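Have a look at the structure below, then the notes.
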Amino acid sequence: MSTVEPTLRSTLEGIPAYKAGKPPVVVPGVTSYKLASNENHHDPLPSVVMAINDCLTEIHRYPDYASVGLREAIADRFDVPTSHVSVGTGSVGILQQLVQITAGPGDGVLFGWRSFEAYPIMTQIAGATAQRVPLDATATHDLDAMLAAIDDTTRLILVCNPNNPTGTVVGAQALRDFVAAVPSHILVVIDEAYTEFVDPSSTADGLELYRQYSNVAVLRTFSKAYGLAALRVGFCIAHERVSEALAKVQVPFGVSTPAQVAAVASLAAEAELLARVDVIVTERHRMSAALAGLGLHPAVSEANFVWLSLGEQTLDFAGACEREGITVRPFDGEGVRITIGEPAANDRLLEIAASWAASRAS
Ligand SMILES: Cc1ncc(COP(=O)(O)O)c(C=O)c1O
């Protein structure tokens, strides 16, 4: 074999590997839980499983290239033209397309930090430059600082609302003012992966802004509230110029037939799915109050997870959880993100947190 290796794009050097949430750790005698990936713990709905089963006899055929049925169902649900709807392999797949159509070497992609870890990865893959703006003291996007950070290179702004991993949202008027102030040649993507878990009075709906501004796009997913994480299907609602560009860079046949069918069936079962979301939101309130009662100061979350800014004690807390069979998502030196799971998992997490907090105090 030659000692000379293939030449790859230099921009790939230094890209951090995406860290997926760890699977549950096996601890003898206790049920393990994964609270590390912001998944929906509810089993898939029977009607959705049936729709998937019914299409399995067709899997020797390619899926509908343009995902017409799914795009029409989304358009119908959100009262937008079908031509404004793009679907992709999870919203992360469309995120990559959004970066591809806006930014290359010499261009800036601006986002709050810390936020969804795919943002800097996608930016660097495109050879563009990440313009990271620190969150404020409440772990929320600092929209004024983001506005001030825009420069001549900025091509794309990502507003993660609610923000992953902190769960915080930006205020409704603050978001409206921000979008109004961004120069209209810059695409603003409002990433609403967790929007179904949000109290609508706490922030602005990205779709309201998309209807007003041609440079606003909204990114959503079937992975979280709709519980289809394994099927990889997300969508973007954007005006024609952006939607048409997204179609040019899409992975051909990226969204499989089972994914398309399951997403359509999920929209048809939305009331049932949103009732499950209510269960998670109620649990989130319970968890947030209990963690606050332990003096752990959770950030104000509007998502299906909570964030504890534990700084240097982050890995210690995550280790304490692992020893009791629970995986959470630590960000070393910053904090830990805890997905809201089934009540038994949440109870265990709170017990662990209580003894951890007590040992820290002693
Ligand atoms: C903010 C945010 N956006 C997008 C995604 C991507 O989700 P998916 O690719 O499963 O649709 C995630 C997943 O965790 C996320 O947290």
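If you're wondering where the values come from, they're calculated on a predicted model, not measured in any experiment. Counting starts at 1 for both ligands and their atoms, in listed order.
- Considering backbone and side-chain atoms alike, Tyr119 places every N or O at 3.5 Å or more from each N or O of ligand 1.
- Residue Asn164 touches ligand 1 through its side chain alone, judged by heavy-atom distances below 4.0 Å.
- For the ligand labelled ligand 1, residue Ser223 lies inside the 4.0 Å heavy-atom shell.
- Contact annotation: Ala229 has no heavy atom less than 4.0 Å from any atom of ligand 1.
- Of the listed residues (Phe222, Phe235, Phe116), the one carrying the non-hydrogen atom nearest atom 5 (C) of ligand 1 is Phe116.
- Each of the atoms 8 (P), 9 (O), 10 (O) of ligand 1 lies under 4.0 Å from some heavy atom of Arg232.
- Of the heavy atoms in Ala193, only side-chain atoms (C-beta onward) come closer than 4.0 Å to ligand 1.
- Heavy atoms of Asp191 come nearer than 4.0 angstrom to ligand 1 in at least one pair.
- Near Lys224, meaning under 4.0 Å from any of its heavy atoms, are these atoms of ligand 1: 13 (C), 14 (O).
- Taking 4.0 Å as the cut-off between side-chain N and carboxylate O, Glu334 and Arg114 count as a salt-bridged pair.
- A centroid separation of 6.0 Å or more is found between the aromatic rings of Tyr213 and His239.
- Ring pair Phe111/Phe116: centre-to-centre distance not below 6.0 Å.
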Handout entry: Steps toward salt bridge (Lys or Arg N to Asp or Glu O under 4.0 Å) verdict (Lys224, Glu196)
Key = CA-CA 9 Å; Lys224 310 293 179 182; Glu196 296 83 1; over 6 Å; no
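- Seen from the ring of Phe178, Arg176 does not count as a face-on cation partner, given the 6.0 Å and 45° thresholds.
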